2 protein chains.
Amino acid sequence: MPMQDMHHVHHECGDCPIRHRAVCARCEADELARLEQIKYYRSFQAGQTVIWSGDRMDFVASVVTGIATLTQTLEDGRRQMVGLLLPSDFVGRPGRATAAYDVTATTDLVMCCFRKKPFEDMMITTPHVAQRLLEMTLDELDAAREWMLLLGRKTAREKIASLLGIIARRDATLKLKAPKGAVTFDLPLTREEMADYLGLTLETVSRQMSALKRDGVILLEGKRHVTIPDFDRLMEEAGDDSDGGMLG
Amino acid sequence: MPMQDMHHVHHECGDCPIRHRAVCARCEADELARLEQIKYYRSFQAGQTVIWSGDRMDFVASVVTGIATLTQTLEDGRRQMVGLLLPSDFVGRPGRATAAYDVTATTDLVMCCFRKKPFEDMMITTPHVAQRLLEMTLDELDAAREWMLLLGRKTAREKIASLLGIIARRDATLKLKAPKGAVTFDLPLTREEMADYLGLTLETVSRQMSALKRDGVILLEGKRHVTIPDFDRLMEEAGDDSDGGMLG
DNA sequence: CGAAGGCTTTGATGTAAATCAAGATCAGGA
DNA sequence: TCCTGATCTTGATTTACATCAAAGCCTTCG
């Protein structure tokens, strides 16, 4: 089984601490498809909508490059981001005909799409696919629950610090280096998108960014470029439970 | 395959609108186990802790009767509920050694447990198990995302109305009748548990319950027994997006 | 170059929910 | 029966964040 071996070698390209998942997107995509003809690529520009909630969705997909968001909207326009899709993340649901969320490209984006019917067939005939998808979905569920704690119980400052930590970790992972000491990266989100992620207004996001800057927790160069001189300090500000796993 | 047929008959016992899932708990449990010796039942009293976050967890389980909660806690004691486990719901993660959340019985509870190692083996040898588990996990992820919208963007009054709607629907499902017109049920949660679910304080929960009562949206008999004279009215108060699926 | 339109910051003010503080209600046990 | 403690309600006050408003900063496009 050289194909199988190949697969495992690919997966050792790195493990993402944010979502606890292998991040080699191409590999993921190729593994899931197998059959060339059911898979195709689509590109989107930053800001473009991939699909609207309620639209017919005859494909499932995974992110190859770029960042996409899932958002829900109330009738009066209040918006909440409910998913942040990074390379290798999966979107769409086998066995559902319409999209449940708005999917938007926040950066230029390439997605690898699979026609739904043949993908569903493959799920049945190829057990490995369902098992892998389960693993990914469980990771997303854990991330969603962490996010719920943030939304329900953290202060604005803690929310911002948490988000910066998440982005910093993701970025460090893509560059294959641990987020210790000084970290630097570009924010992939506008202030409004950050607000939609965190359940805040864009003004509060802006104010808290300024406050963290004033207090030396972060350095800002322009509006988007962030440097974190002391990652542990940032994590303190995020107020996270740090004892998980060490008490039993 | 009479065993297989049996299974499908069982699953037609009802579909839960809250989590879009078959609710026949016994059936679920028996299907997942197959081998008698890897499965056992555990009972808990209301208020008892099933497992603490970080504890070693050498089993996975599903709820047979009663209600359990998953909660996360920050160092300073702020608590957020991140999961509400109803009969047939699954808890635990194949491939993880320790619990990620505190699991607590809010009512008297019976769980059907499976030793983890043989369960993991079964996941590999029996494709159907992984597929079923994927389906359930995707449902939970959808519920978590709905919950994120609630936590991030809804007012206290909307949060309470949403929670009452969720409980009413669950309860109606268990009784196999649609939640239209007048509905009546007992709250399975204390005010504090409701607050932990909703990201509020117990005082705010109490005040908003009183307000909904004053406005005739709900009737209260004692602290726990709730009657909803007009379910549509309650859903209006919940402020949910109602156009989902009808615009594309 | 200068106007136009996104983003972003910052300030002034308002308000929903938290916090602090009594009491009320109820169940169980002596 | 009356305590005792848990749970819940209600009131007074504070506060974190939202809202409203204005101005600053880039980019780009005429």
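Since the model is a prediction, treat every value here as computed from it, not as a measurement. Below, chain A is the first sequence line, B the second, and so on; all start at residue 1.
- Atom P of nucleotide D:dC17 and atom CZ of A:R191 are separated by 17 Å, given to the nearest angstrom.
- Applying the 4.0 Å criterion to OP1 and OP2 of C:dA18, one finds that B:T201 has a side-chain N or O inside that range.
- Helix bend of the helix from C:dC1-D:dG30 to C:dA30-D:dT1: the angle between its two end axes, each built from five pairs, comes to 20° after rounding to 10°.
- When each of A:R157 and B:M209 is assigned the nucleotide of DNA chain D bearing its nearest heavy atom, the one mapping closer to the 5' terminus is B:M209.
- For B:Q208 and D:dG11, the CD to P distance is 14 Å, given to the nearest whole Å.
- Take the nearest nucleotide of DNA chain D for A:G222 and for B:T190: the residue whose nucleotide is more 5' is B:T190.
- Ion pairing between a basic and an acidic side chain is recognised when a charged N comes within 4.0 Å of a carboxylate O; A:R233 and A:E237 show such pairing.
- Every residue two or more places apart in sequence or in another chain was checked for a side-chain hydrogen bond (donor to acceptor under 3.5 Å, both in side chains) with B:Q208, and none qualifies.
- Enclosure of atom CD in A:Q48 by more than 12 non-hydrogen atoms of other residues, nucleotides or ligands within 6.0 angstrom is indicated.
- A:R42 forms a cation-pi arrangement with A:F59, by the criterion of a distance under 6.0 Å to the ring centre and an angle within 45° of the ring axis.
- Remark: C1' of C:dA17 and CG of B:D196 are 16 Å apart, rounded to the nearest angstrom.
- As judged by a 4.0 angstrom heavy-atom cut-off over every strand, A:R224 is placed among residues touching the sugar-phosphate backbone only.
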Produce the list of close N/O pairs, under 3.5 Å, pairing protein atoms with atoms of nucleotides 10-14 of chain C; give distances to one decimal.
{"from": "C:dT10", "atom 1": "OP2", "to": "A:S210", "atom 2": "OG", "distance (Å)": "2.7"}
{"from": "C:dG11", "atom 1": "N7", "to": "A:R207", "atom 2": "NH1", "distance (Å)": "2.9"}
{"from": "C:dG11", "atom 1": "O6", "to": "A:R207", "atom 2": "NH2", "distance (Å)": "3.0"}
{"from": "C:dA12", "atom 1": "N6", "to": "A:R207", "atom 2": "NH2", "distance (Å)": "3.4"}

